[in-house]
Asker: 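Sending over a structure as structure tokens; questions will come in a sec.
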Amino acid sequence: QVQLVESGGGLVQPGGSLRLSCATSGFTLDDYGIAWFRQAPGKKREGVSCVSTGHGSTYYLESVKGRFTTAKDNAKNTVYLQMNNLKPEDTAVYYCAADERYYCSPGGWDGMDYWGKGTLVNVSS
């Protein structure tokens, strides 16, 4: 059974950093596209990053470019989202999602079949 479990969220001051992890099981990570999404209270869900199947392209939400970096470790079946220079507007529940043979588009990504339960990131002083 495909499972995704996020971790690493918490309270951090503006300008600080957090590293989120998405532990995966039940599938071969390299065969799936992996994306991070976030949703703040009262706001629509938005795609944060997307890594295409295999060695495909990686894309980021415009507002996080240069601050966030995502990486896949196929050996550990884990996907990371390194978040630097965090801002209060980054506060949200962050989700990882996956889909087999999924190729991200620079204009957006959605429709993933498998989702984790999310981890809360609270950026506040």
Side-chain angles (χ1 to χ4, degrees):
Q1 183 177 2
V2 173
Q3 290 188 329
L4 306 170
V5 181
E6 304 94 336
S7 63
L11 177 64
V12 63
Q13 294 183 0
S17 299
L18 282 176
R19 190 187 195 190
L20 305 183
S21 297
C22 176
T24 73
S25 61
F27 64 99
T28 301
L29 184 58
D30 199 47
D31 293 336
Y32 282 64
I34 301 291
W36 288 93
F37 296 83
R38 68 185 184 186
Q39 187 167 27
K43 296 184 178 180
K44 294 181 178 180
R45 186 183 68 203
E46 59 185 352
V48 177
S49 68
C50 190
V51 182
S52 296
T53 298
H55 301 289
S57 300
T58 302
Y59 299 104
Y60 296 93
L61 180 68
E62 184 67 29
S63 62
V64 309
K65 287 181 179 178
R67 300 189 298 119
F68 291 11
T69 303
T70 193
K72 293 169 60 178
D73 188 333
N74 291 331
K76 295 182 178 180
N77 296 314
T78 301
V79 181
Y80 303 97
L81 183 67
Q82 178 67 47
M83 305 184 295
N84 298 323
N85 191 24
L86 284 161
K87 303 176 180 180
E89 51 263 43
D90 295 319
T91 296
V93 176
Y94 284 72
Y95 303 88
C96 64
D99 208 344
E100 187 176 13
R101 297 185 180 277
Y102 189 91
Y103 296 90
C104 314
S105 297
W109 44 94
D110 207 346
M112 318 296 279
D113 285 347
Y114 305 100
W115 293 77
K117 294 183 178 180
T119 184
L120 176 63
V121 173
N122 187 7
V123 185
S124 177
S125 60

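Predicted model only: the values in this text are computed from it and were never measured.
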Asker: Determine the minimum heavy-atom distance between D73 and Y80, stating which atoms define it.
Answerer: CB-CE1, 4.0 Å
Asker: Sequence neighbours left out, what passes side-chain contact (heavy atoms from CB on, under 4.5 Å) with E46? Give chain and number order.
Answerer: R38, L61
Asker: Do M112 and V93 share a hydrophobic cluster (ILVMFWY, side-chain heavy atoms under 4.5 Å, transitive)?
Answerer: yes
Asker: Looking at R101, I'd like to know if its CZ atom is crowded, meaning that more than 12 non-hydrogen atoms belonging to other residues, nucleotides or ligands lie closer than 6.0 Å.
Answerer: no
Asker: What heavy-atom pair brings D90 and Y94 nearest, and what distance separates the two atoms?
Answerer: O-OH, 2.6 Å
Asker: What are the two closest non-hydrogen atoms of A98 and L4, and how far apart are they?
Answerer: N-CD1, 3.8 Å
Asker: For the residue pair F37 and W109, establish whether any side-chain heavy-atom pair is separated by less than 4.5 Å.
Answerer: yes
Asker: If only atom types and distance count, is the side chain of W36 paired as donor or acceptor with the main-chain N or O of C50 below 3.5 Å?
Answerer: no
Asker: Verify side-chain contact (heavy atoms from CB on, under 4.5 Å) between N77 and S25, making sure each step is shown before the conclusion.
Answerer: CA-CA 7 Å; N77 296 314; S25 61; over 6 Å; no
Asker: Is there a path of hydrophobic side-chain contacts, each under 4.5 Å between heavy atoms of I/L/V/M/F/W/Y residues, joining L81 to L29?
Answerer: yes
Asker: When rounded to the nearest 0.5 angstrom, what is the spacing between OG1 in T78 and CG in L20?
Answerer: 12.5 Å
Asker: Using modelled atom types and a 3.5 Å cut-off, is there a donor and acceptor pairing between side-chain atoms of T119 and backbone atoms of G9?
Answerer: yes
Asker: Can you name the closest pair of heavy atoms from K72 and G54 and give their distance?
Answerer: NZ-O, 3.9 Å
Asker: Going by distance alone, is a donor N or O of one side chain under 3.5 Å from an acceptor N or O of the other, for S17 and N84?
Answerer: yes
Asker: Do you know which two heavy atoms are closest between T53 and D30, and how far apart they sit?
Answerer: CG2-O, 3.4 Å
Asker: To the closest 0.5 Å, what do you measure between OG1 (T91) and CG (L86)?
Answerer: 8.5 Å
Asker: Kindly assign one of parallel, tilted or perpendicular to the pair W115 and Y95, based on the angle between their ring planes and the thresholds 30° and 60°.
Answerer: perpendicular
Asker: So which heavy atom on D99 is nearest to which on G111, and how close?
Answerer: OD2-O, 3.4 Å
Asker: Can you tell me how far OG1 of T24 sits from OH of Y32, rounded to the nearest 0.5 angstrom?
Answerer: 10.0 Å
Asker: State the SG-CD distance between C22 and E6, to the nearest 0.5 angstrom.
Answerer: 5.5 Å
Asker: Between Q39 and K44, is there a donor-acceptor pair closer than 3.5 Å when you use the side chain of the first and the backbone of the second?
Answerer: no
Asker: When hydrophobic residues are tied together by side-chain contacts of less than 4.5 Å, even through go-betweens, does V64 share a cluster with V12?
Answerer: yes
Asker: Establish whether V121 and I34 are linked, either directly or via other cluster members, by ILVMFWY side-chain heavy-atom contacts under 4.5 Å.
Answerer: yes
Asker: Can a donor-acceptor pair be found, under 3.5 Å and without considering hydrogens, that links the side chain of R19 to the backbone of Q82?
Answerer: no
Asker: Measure the OG-CE distance between S49 and M83 for me, rounded to the nearest 0.5 Å.
Answerer: 10.5 Å
Asker: N122: which residues meet the side chain to side chain donor-acceptor pair (under 3.5 Å) condition with it, sequence neighbours left out?
Answerer: none
Asker: Would a hydrophobic clustering, with Ile, Leu, Val, Met, Phe, Trp and Tyr connected at side-chain separations under 4.5 Å, put V79 with V2?
Answerer: yes
